[in-house]
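Written out below as structure tokens is the structure these notes cover.
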Amino acid sequence: MSKNKSAVINMTEGNPISLILMFSVPMLIGNLFQQVYNLVDSVIVGQFVGADALAAIGATGSVTFLFFALCNGIGSGGGIVTSQCFGKGDDSQVKSCIANTGFIMLVFPLIVGIVAFFLSEPVLVLLSTPDEIMQDAVAYMRIMCIGIIFVSLYNFASSMLRALGDSKTPLYFLIFSCILNTFLDILFVCVFKMSVQGAGYATVISQLVSGLGCMIYAVKCNEYFRLTKADVAFNPEISLKVIKLGVPLSLQFSLIAISCMALQRVVNSFGKVTVAAFTATSRIENIIHQPYGTLGAALSTYTGQNYGAGKMDRVRTGYHKSLLIMLAFTIIMVPIMQLFGEPITRLFVEDKEVIEMGAKALRITSLFYVMLGVIYVVRGVLNGLGDAFFALLNGIVEVIGRFIVPIALTTIPFIGLWGIWWSVGIVWFISGLTAWMRYVYYKRKM
């Protein structure tokens with residue numbers, strides 16, 4: 001393997017837990033910055049425009065996640081294939097992976113963005129979005145659809161860099177993006193009074209700047225991104241590998257997004273107060289997802305490199321250590337949500353009814369955090385091993401769960417609307433159990 005490649009980390013040697021934590025921390029900081037921005041975005045819109053505007057943005061969340069997920073899966077698949085080639089020490093294959101993933105991620109988001117733009121209003125109507133917030137929701141969602149290509153640019157660069165063990169460079173550009181996004185939010189929403197459209201434009205512009213900056217830096221500072229004509233040639237074998245792993249991941253993310261849309265439809269049926277409370281708790285729990293998610297992403301890169309190098313003993317050790325890290329975080333977060341749900345929810349809105357509903361909701365879902373952690377840890381290992389079937393299986397389980405469980409629970413009189421949040425936890429439990437069973441099966445097979 002050639003040397004002198006900036007910020008590249010070989011995870012096939014050294015202490016597994018140190019490598020995983022060292023790789024996770026920059027991603028966690030970056031993701032927390034992103035979530036803090038999302039919180040600031042919600043606070044700015046909720047406090048300076050109103051609860052209806054906050055609900056309008058929240059009502060689009062599951063739909064925009066669906067369209068972004070279709071593109072992000074390809075980037076994740078390309079990252080896994082790249083990490084496996086890096087673990088083998090094949091530099092030419094690494095460069096070919098970067099080039100061919102780039103081709104796919106240029107065309108695919110363009111198609112998705114155009115289709116999503118025109119489907120925005122019909123999909124929101126299908127989800128029973130309240131009439132009071134429909135106009136703002138459609139406007140915000142269409143702006144997000146325009147920005148899909150910009151989000152994919154950053155995701156491509158960051159996925160490739162992380163596959164090579166560099167989780168710091170994406171962090172720097174993500175932090176810059178969040179700061180720029182916050183500044184533009186204040187400018188567009190508070191100064192220019194552009195309401196939810198201003199928040200949308202702020203996000204799209206900051207993503208464009210971040211994506212371009214990350215790509216330019218990668219080309220200048222990382223030797224793997226300096227591609228020759230031979231490197232950028234279309235490689236059917238590598239492209240097929242990326243698609244073979246990326247498409248199931250896209251389907252997994254998309255099925256999860258569809259399941260969230262099904263849940264959002266149930267939420268919308270209870271009116272704008274419940275929509276606002278669900279939006280607030282979703283933003284809070286997005287922060288809870290970050291340590292689990294970054295741990296899983298780090299484990300995926302670690303597993304991919306070690307699987308490529310044929311070091312399965314290190315894969316198993318990394319998995320067990322990651323479970324311990326996950327349990328430690330869960331033990332800290334559950335009491336916080338049980339005791340301080342009300343002041344946390346108050347950060348978003350001043351409406352007393354929304355605050356009380358959000359606090360109780362957090363006390364319900366926090367009981368299931370350990371299974372949420374299991375999902376991410378097992379997903380990280382299996383994705384790193386290239387288990388494409390699990391990605392699809394996991395998505396199917398979540399779709400079935402979120403279609404059936406919320407409807408079943410909310411129709412029980414003594415549960416009512418609280419079935420929304422009980423269903424979230426129950427689906428985490430079912431998905432976590434399914435993931436663990438798949439890991440046990442795959443371990444025996446290997």
Side-chain angles (χ1 to χ4, degrees), residues 1 7-31 76-89 94 158-168 170-171 245 249 252 289-331 369-391 394 431-446:
M1 188 179 298
V8 168
I9 298 176
N10 182 354
M11 303 179 80
T12 63
E13 298 174 355
N15 185 288
I17 196 167
S18 297
L19 288 166
I20 292 169
L21 286 175
M22 183 172 63
F23 189 84
S24 296
V25 169
M27 280 198 300
L28 177 58
I29 294 171
N31 287 351
S76 298
I80 293 167
V81 176
T82 302
S83 70
Q84 291 177 352
C85 291
F86 180 79
K88 292 177 184 176
V94 170
S158 61
S159 293
M160 296 301 101
L161 287 168
R162 287 169 183 153
L164 303 174
D166 178 7
S167 59
K168 292 181 180 179
L171 164 66
L245 187 54
L249 286 170
Q252 176 197 39
H289 279 257
Q290 300 316 307
Y292 297 134
T294 53
L295 180 62
L299 190 55
S300 179
T301 298
Y302 170 88
T303 301
Q305 288 194 15
N306 282 283
Y307 177 67
K311 298 183 177 181
M312 289 303 298
D313 56 326
R314 288 178 59 82
V315 171
R316 286 188 288 271
T317 301
Y319 166 72
H320 292 131
K321 298 295 184 183
S322 296
L323 282 177
L324 293 177
I325 297 170
M326 178 274 291
L327 286 172
F329 174 73
T330 303
I331 290 169
Y369 282 173
V370 66
M371 295 309 292
L372 178 64
V374 169
I375 292 170
Y376 278 108
V377 171
V378 177
R379 184 186 294 170
V381 170
L382 294 178
N383 284 348
L385 292 172
D387 182 10
F389 175 76
F390 166 73
N394 187 241
S431 296
L433 184 62
T434 304
W436 178 78
M437 291 170 64
R438 177 63 181 174
Y439 173 78
V440 171
Y441 165 80
Y442 205 83
K443 181 180 175 182
R444 289 174 179 170
K445 181 182 176 182
M446 293 293 290

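These values consider heavy atoms only, across backbone and side chains, with no hydrogens, waters or symmetry-generated copies.
Among all heavy-atom pairs drawn from Asn306 and Thr12, the shortest one is OD1-CA, 3.2 Å. Scanning both residues, Met27 and Ala297, for their nearest heavy atoms gives CE-CB, 3.7 Å. For the residue pair Gly386 and Gln84, the shortest heavy atom distance occurs at N-NE2, 4.0 Å. The two residues Ser431 and Ile375 come nearest to each other via the heavy atoms CB-CD1, 3.6 Å. Summarising the geometry of Leu245 relative to Gly77, their closest heavy-atom pair is CD2-O, 4.0 Å, with the distance given to 0.1 Å. Across Gly384 and Ile80, no two heavy atoms sit closer than the pair O-CG2, 4.0 Å.
One finds the CZ atom of Arg162 at 13.5 Å from the OG1 atom of Thr82 (value rounded to the nearest 0.5 Å). To the nearest 0.5 angstrom, Met11 atom CE is 7.0 Å from Met22 atom CE. One distance of note links CD of Gln305 with OG of Ser300; it measures 10.5 Å at 0.5 Å rounding. The distance from atom CE of Met326 to atom OH of Tyr369, rounded to the nearest 0.5 Å, is 14.0 Å. Once rounded to the nearest 0.5 Å, the distance linking OH of Tyr302 with CD1 of Ile17 reads 10.5 Å. Here the CG-CZ distance, from Leu295 to Phe329, works out to 10.5 Å after rounding to the nearest 0.5 Å.
Using modelled atom types, one finds a donor on one side chain and an acceptor on the other under 3.5 Å when comparing Tyr292 with Thr330.
Using a distance-only test at 3.5 Å, with no hydrogens or angles considered, no donor-acceptor pair links the side chain of Tyr319 to the main chain of Gly380. Put simply, the side chain of Thr301 never gets that close to the backbone of Ala298: no donor and acceptor are under 3.5 Å apart. A donor-acceptor pair under 3.5 Å links the side-chain atoms of Ser167 to the main chain of Phe23, judged by distance alone.
Between Val315 and Met312, the closest side-chain pair of non-hydrogen atoms falls below 4.5 Å.
Partners of Leu28 by side-chain contact (heavy atoms from CB on, under 4.5 Å), not counting sequence neighbours, listed by chain and number: Leu32, Gln290, Pro291, Thr294. With sequence neighbours left out, the side-chain contact (heavy atoms from CB on, under 4.5 Å) criterion links Ser76 to Leu249, Phe253.
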Inset, instruction - Go through the steps for Lys311 and Glu13 under the test side-chain contact (heavy atoms from CB on, under 4.5 Å), then give the verdict. - result: CA-CA 10 Å; Lys311 298 183 177 181; Glu13 298 174 355; 4.0 Å; yes

Inset, instruction - Just do the side-chain contact (heavy atoms from CB on, under 4.5 Å) check on Asp166 and Met160 with the steps written out, would you? - result: CA-CA 9 Å; Asp166 178 7; Met160 296 301 101; over 6 Å; no

Inset, instruction - Under the side-chain contact (heavy atoms from CB on, under 4.5 Å) rule, what do Arg438 and Asn394 come out as? Steps first, then yes or no, please. - result: CA-CA 10 Å; Arg438 177 63 181 174; Asn394 187 241; over 6 Å; no

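Judged by a 6.0 Å distance limit and a 45° cone about the ring axis, Arg379 is positioned over the six-membered ring of Tyr376.
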